[in-house]
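Reviewing the structure listed below.
The shown structure was predicted, so the numbers you read here are calculated from the model rather than taken from an experiment.
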Amino acid sequence: MADQQMKTILKETFDAVSNGYDGKALRFFSESAEHMSSLLKLRGDEQVLDVACGTGHASLAIAPKLPRGRITAVDLSPGMLDQARKKAASLGIRNVEFLERDMQALGFSDGTFDVAVCAFGIFFVEDMDLQLSHIVSAVKPGGRIMISNFQENYFHPLKDLMAKRLEAYGVQMPPQTWKRIANETGCRQLFEKAGLTNIRVEQKNVGYYLERADEWWDIVWNAGFRRMVARLSPPDQERFKKEHLEEIGALRTDKGIWLDAGVLYTVGTKE
């Protein structure tokens, strides 16, 4: 698929899901962002770049740790940015600026920022090496870069059941390029290729129990999976939803339905 076509699809998808992206069922985003902010161990006066910021989870978790600093957050989706700005305003956070920009063309001068983060975003670009190098160029020598991404078995077995049932309806999952960095070795290799040093990779599971199968559907419909389900006709969508939620409901225990959310946090220093 052509690069511009993919960007259009992603922009339309995330504009469509922006209103539901901060729902309770998707709280792994906010919980993982809080952990990212604690791992950074900021002084409090840094200039931070948040790439592919979405609805601002990472930015809004980091902002309180920057009493003398500032965050510049960028995303391709105006819908996501609108939600981010509303959240910042409701929280009284004023040291974050949200900008609509393509992460492949950030437009900042070299060495502008002390720190750059990219939470669950770098794998949307096929050439992750080039994308990371682009982010690194915006950071000062001695500055740090951190990304977060899912481990390979995230959402297992829920996601696997969804993919199998979609295939039965003739919908193929997109190329799984994200798997390249779904383990510690892949993350280290990505950062090493970008010339980063002092590389650390930390794993943390931010999973939890869903109360009902409908909460899994909130995740499917209000995040990136929506673009696959949306390929079905409306009648097929309804039938798919009914069949899929029945098999998800069958996984329920007395604690609920476990949502496994293993996350990798990789940080490195620019020489």
Can a donor-acceptor pair be found, under 3.5 Å and without considering hydrogens, that links the side chain of [X] to the backbone of [Y]?
| X | Y | result |
| --- | --- | --- |
| R252 | E211 | yes |
| K179 | E152 | no |
| R231 | V171 | no |
| E243 | K241 | no |
| T112 | F108 | no |
| Y208 | R27 | yes |

Non-hydrogen side-chain atoms of [X] and [Y] separated by less than 4.5 Å:
| X | Y | result |
| --- | --- | --- |
| D82 | S18 | no |
| K87 | L60 | yes |
| E100 | S77 | no |
| L232 | L166 | yes |

query = Which one of V117, L39, V263 satisfies the side chain to side chain contact (heavy atoms under 4.5 Å, CB included) criterion with S148?
reply =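 Result for side chain to side chain contact (heavy atoms under 4.5 Å, CB included) with S148: V263.
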Hydrophobic clusters here meaning ILVMFWY residues chained together by side-chain heavy-atom distances under 4.5 Å, can you tell me if [X] and [Y] are in one?
| X | Y | value |
| --- | --- | --- |
| M173 | L158 | yes |
| M146 | F120 | yes |
| Y209 | V206 | no |
| L99 | L81 | yes |
| I147 | L130 | no |

query = Roughly how far, to the nearest 0.5 Å, is CZ of R226 from CD of E12?
reply =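 Result: 12.0 Å between the selected atoms.
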inquiry  = So, taking the atom named CG in L196 and the one named CG in L190, what distance separates them when rounded to the nearest 0.5 Å?
reply    =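 It is 8.5 Å, given to the nearest 0.5 Å.
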query = Is R200 atom CZ crowded by more than 12 heavy atoms from other residues, nucleotides or ligands, each under 6.0 Å away?
reply =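 For R200, atom CZ is not crowded (no more than 12 foreign heavy atoms under 6.0 Å).
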inquiry  = Please check if the number of heavy atoms outside R68 that lie under 6.0 Å from its CZ is greater than 12.
reply    =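 Count over threshold, so yes.
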Establish, from distance only, whether the side-chain atoms of [X] and [Y] form a donor-acceptor pair under 3.5 Å.
| X | Y | value |
| --- | --- | --- |
| D260 | N205 | yes |
| T72 | E97 | no |
| Y169 | Q237 | no |
| Q104 | Q131 | no |
| Q83 | N19 | yes |

Just say parallel, tilted or perpendicular for the rings of [X] and [Y], cut-offs at 30° and 60°.
| X | Y | value |
| --- | --- | --- |
| W217 | F240 | tilted |
| H57 | F29 | parallel |
| W216 | F225 | tilted |

inquiry  = Is the distance between the ring centroids of F14 and F124 under 6.0 Å?
reply    =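 Yes, close enough.
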message = Quick check on the 6.0 Å ring-centre criterion: do Y154 and F28 meet it?
response =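 Here the rings of F28 and Y154 have centres that are no less than 6.0 Å from each other.
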inquiry  = Given F150, which partner from the list F155, Y265, W178 fulfils the ring-ring contact (aromatic ring centres under 6.0 Å, His included) test?
reply    =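 Single pass found, and it is F155.
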